[in-house]
Each structure stands twice: as structure tokens, then as C-alpha cells.
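Counting begins at 1 with the first residue of the sequence.
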Amino acid sequence: MNSELRQDLVSGDWIVLSPQRAKRPADLIKKSEKRKKAPLKGCPFEDPQKSGNGEPILIYPTKSQKLKTKNLFEWWVQIIQNKYPVFVSGLDSKDGIHICASVFQKGPYLVIDGRGYHDLVITKNHHKNFAHLPEQQAEAVLKIFQNRYKMFLNDSCLAYTSIFHNWGPKSGASIYHPHYQIIALPVIPPDVQHSLNGSSDYFKKYRKCVHCVMIEWEKKNRSRVVFENKGAIAFTPFVSREPFEVRIFPKSHSPFFEDAPKKELSDVVEALQNILLKIEKKLNDPDYNFFIHTAPIRDKQKYGHYHWHIEILPKISTSAGFELGTGIEITVVDPDEAAKILKL
């Protein structure tokens with residue numbers, strides 16, 4: 001197969017599909033060193049409160065489910081403030097007044113104060129990442145994401161909430177114990193803005209959700225679908241930025257992750273666990289990142305065209321000079337072939 005330039009239907013960005021640069025996809029799936037499991041002793045997340053963190057912002061099971069705060073050993077998942085935050089709250093602890101980020105100029109440059117929130121979401125089991133959690137606990141993780149997200153809706157200073165997971169040192173995780181991050185910030189990130197703009201432009205032109213169009217095409221084509229249940233679908237995108245990239249969508253059109261009903265969330269969780277297990281088994285347990293793309297938390301009436309989803313990026317390849325210099329990623333595994341490997 002010769003190289004192809006493929007344009008993303010949403011963002012308008014280009015990628016290069018160049019399978020001939022890898023003799024075989026299996027060449028990329030090298031047997032790496034066995035994942036090093038950090039010991040329980042000394043882990044700061046095994047008992048976050050004993051490690052110097054404050055009381056949980058949210059915890060599950062909750063007090064109403066007969067969990068006493070002093071018996072935190074019973075918890076499945078909890079949210080705490082990050083000790084080393086990217087953004088800090090604008091709440092004045094003395095007066096209780098909330099201060100939004102200041103916007104000002106430094107010479108020709110626009111600057112905004114780093115006001116926001118940076119939380120850690122920690123699951124109890126030291127050795128079970130998301131793929132291996134019991135179903136009820138995995139659903140609790142996404143539900144607690146939703147609950148924290150809804151808390152941010154009351155903060156008029158925020159523009160967007162980013163929810164993501166780094167698994168393994170190559171993904172940026174500095175601590176082995178499974179944990180997730182929630183960062184609420186006063187601006188809409190550029191990658192999200194590109195997606196929003198592309199979704200809006202497509203809707204204005206065709207009166208259709210661009211993501212729904214992609215889902216319908218993948219359902220008919222079938223060659224890139226890796227997993228499907230009643231309410232969710234997972235596939236390797238036709239325009240994949242990375243080898244073995246997978247995206248998971250709820251089938252029903254839904255702009256806002258925080259509004260996803262229980263059944264939709266359950267179907268997405270099943271798809272996410274299934275895909276992460278496939279990545280672990282078929283790709284020799286690589287590090288990976290996954291994150292949620294959803295519509296912003298302000299002016300919700302503007303984003304009915306959007307479709308929330310989860311993107312998974314295994315750490316298989318490394319961006320080099322061309323990618324960094326042009327913004328065009330080179331993907332050396334055909335997404336059709338990637339889907340075949342994951343489905344084996």
C-alpha cells in the first residue's frame with residue numbers, strides 16, 4: 001500500500017498513513033520489559049489520608065451507603081486534591097470569596113492566571129488498573145467523574161474540564177498505583193476547540209452530527225470496529241493519529257458526558273474495559289493514555305452538535321522531527337490492520 005494523506009472529518013487536520021515504513025505491524029509490538037509492579041509499602045495512594053491528603057472531595061461507596069468517613073478502608077474510589085496542581089482554586093479561604101482568573105497583557109502576549117482545579121481520582125486496588133476492575137467499581141469511576149464534573153458547573157470562572165488517565169511511565173504516570181486526573185481550567189483547550197469548530201461547521205453544512213456520520217459509516221463498513229454492544233461502539237479511526245488508536249462512542253447522540261444516563265455509561269464502561277484488555281493482551285501490555293472529549297461546561301445551548309467520546313492512545317510510536325515540525329502525524333499501521341490485530 002502506498003502512502004496516503006488522510007484528512008480528519010472533524011478537525012480538518014491531516015495525517016500520513018504510511019504502512020510501508022513498518023515491515024509488519026508486529027514489528028511495532030515488541031516484547032518490552034515486564035511491567036514493574038511497585039510495592040504496596042510506601043505507596044502514597046494506598047491510604048491517601050495517611051499519606052497527608054485531606055478528606056476526600058468525593059468518595060464511593062458514599063456515607064449514605066453505610067460507609068463511615070473514619071473507615072476509609074472500605075472505599076472503592078475517591079477524589080482528592082492534587083498536592084502538585086497545575087491549576088489552583090481561586091477560592092479565598094479566609095473570606096470564602098471566589099476569584100476568577102485575571103486576564104492581562106505582558107507586552108504583546110495575553111496571559112491568564114492559572115486558576116482552576118486539579119484533582120486525583122484514586123481507585124483502591126493497588127494492582128488493578130481500569131481494565132481489571134470489577135464491573136461495578138469501573139462504573140463507579142465514571143460516575144464519580146460525572147459527579148465531580150457537575151460540581152464544576154456551579155463555578156462560572158471555568159470553561160472546560162479535562163478528564164484523563166495515564167497508565168505507565170511512558171504515558172506520563174509517575175506513580176504505579178492506578179489513578180486518574182481531572183483538570184478544570186478557565187479556557188477551552190486548542191485541540192478541543194478544533195473538534196468543536198469542526199463539529200459545528202459540519203452540522204451547519206449538512207445538518208448532521210459529524211460523529212454520528214462516522215459511527216454509521218463504521219457500522220456499515222465493519223473493518224475497523226473492534227467492539228460493539230447495544231449502546232456503545234469502539235473502532236480504530238480511519239484517520240488515526242497513532243498506531244492502534246481507538247475511539248469509543250455512545251451510539252445515541254449525546255453532547256455532554258456529565259448527562260450520560262446510567263445505561264449509556266454502563267455500555268461505555270464495558271467497551272472501555274474490553275478495549276483496554278485487548279490492548280494489553282494483543283500489544284504486549286503497552287503504556288497508554290485515554291481521555292474524555294466532551295462539550296464545554298458553559299453556554300451548553302451552543303454545543304448540541306457535539307458527541308462526547310473517549311479516545312485511547314497506546315504508546316507504540318514516537319513523534320519525531322516531521323511530526324513536530326508540521327503537526328502532521330505519520331501512522332505506520334493501517335487502522336484496518338490494527339482492528340484485525342486487536343480482534344484476533
Side-chain angles (χ1 to χ4, degrees), residues 1 3-17 149 159-163 187-242 244-261 263-265 267-268 271-272 275 290-313 326-331 334-339:
M1 175 182 178
S3 295
E4 290 182 351
L5 278 158
R6 293 183 176 183
Q7 188 175 36
D8 188 273
L9 197 59
V10 184
S11 68
D13 294 339
W14 292 92
I15 64 101
V16 176
L17 178 62
Y149 196 106
Y160 192 78
T161 298
S162 173
I163 301 172
V187 299
I188 298 175
D191 190 49
V192 176
Q193 190 65 65
H194 293 160
S195 185
L196 292 169
N197 292 345
S199 175
S200 177
D201 291 344
Y202 193 93
F203 185 80
K204 289 175 183 176
K205 187 172 182 180
Y206 299 105
R207 309 309 297 176
K208 294 180 180 180
C209 163
V210 64
H211 296 104
C212 291
V213 169
M214 290 192 295
I215 291 168
E216 287 305 310
W217 189 58
E218 296 298 345
K219 287 169 66 176
K220 291 176 183 178
N221 182 278
R222 305 306 304 177
S223 63
R224 287 172 295 279
V225 175
V226 184
F227 178 85
E228 183 177 6
N229 57 25
K230 187 174 181 180
I233 186 169
F235 53 85
T236 54
F238 180 75
V239 183
S240 290
R241 294 166 296 172
E242 301 284 348
F244 302 100
E245 176 183 353
V246 180
R247 295 184 190 177
I248 300 171
F249 289 86
K251 290 181 180 178
S252 296
H253 180 74
S254 177
F256 306 105
F257 163 72
E258 71 273 19
D259 293 338
K263 184 61 174 73
E264 180 177 292
L265 215 62
D267 287 337
V268 169
L272 180 55
I275 295 301
F290 74 70
F291 50 87
I292 297 173
H293 265 187
T294 183
I297 60 181
R298 295 279 152 254
D299 302 321
K300 296 184 73 168
Q301 70 278 4
K302 290 171 52 178
Y303 301 110
H305 55 81
Y306 201 64
H307 196 128
W308 82 269
H309 58 280
I310 297 176
E311 301 187 18
I312 308 168
L313 297 170
T326 63
I328 299 176
E329 296 293 334
I330 298 176
T331 302
D334 188 322
D336 292 51
E337 186 65 23

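Side-chain contact between H293 and R247 is absent, with no heavy-atom pair separated by less than 4.5 Å.
In this view, Y149 satisfies the ring-ring contact (aromatic ring centres under 6.0 Å, His included) rule with no residue, not counting sequence neighbours.
Closest heavy-atom contact between M214 and V10: CE-CG2, 3.8 Å. Contact detail for E264 and W308: the closest heavy-atom pair is OE2-NE1, 3.0 Å. Nearest heavy-atom pair across P255 and T294 is O-OG1, 3.3 Å. A pairwise comparison of heavy atoms in L196 and P296 identifies CD1-CG, 3.6 Å as the closest pair. A pairwise comparison of heavy atoms in P237 and P335 identifies O-CB, 3.2 Å as the closest pair. The minimum heavy-atom distance linking V225 with E218 is given by the pair CG2-O, 3.3 Å.
When the shell of 6.0 Å around NZ of K263 is examined, it contains more than 12 heavy atoms from other residues, nucleotides or ligands. With a 6.0 Å radius and a threshold of 12 heavy atoms from other residues, nucleotides or ligands, H194 has its NE2 atom at or below the threshold.
Listed for the H253 side chain is no donor-acceptor partner under 3.5 Å among the backbone atoms of H211. Remark: the backbone N or O of H305 is paired with a side-chain donor or acceptor of S199 at under 3.5 angstrom. Of the possible donor and acceptor atoms, none in the side chain of Y303 sits under 3.5 Å from a partner among the backbone N and O of S200. Here the side chain of N229 pairs a donor or acceptor atom with the backbone of D267 at under 3.5 angstrom. No donor-acceptor pair closer than 3.5 Å links the side chain of R6 to the backbone N or O of L17.
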Between I163 and F257, does the side-chain contact (heavy atoms from CB on, under 4.5 Å) criterion hold? Intermediate values first, please.
CA-CA 10 Å; I163 301 172; F257 163 72; 4.0 Å; yes
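Between F249 and H307, the angle of the ring planes goes over 60°, which puts this pair in the perpendicular group of the 30/60° scheme.
The stretch residues 299-308 participates, sequence neighbours left out, in these salt bridge (charged side-chain N to carboxylate O under 4.0 Å, His left out) pairs: E258-K300, D259-K300. Applying the salt bridge (charged side-chain N to carboxylate O under 4.0 Å, His left out) rule to pairs touching residues 231-241 yields R241-E245, R241-E311, sequence neighbours excluded.
Taken from CZ in F227 to CZ in F235, the straight-line distance is 14.5 Å, to the nearest 0.5 Å. How far CG of D191 is from CZ of F291: 6.5 Å, rounded to the nearest 0.5 Å.
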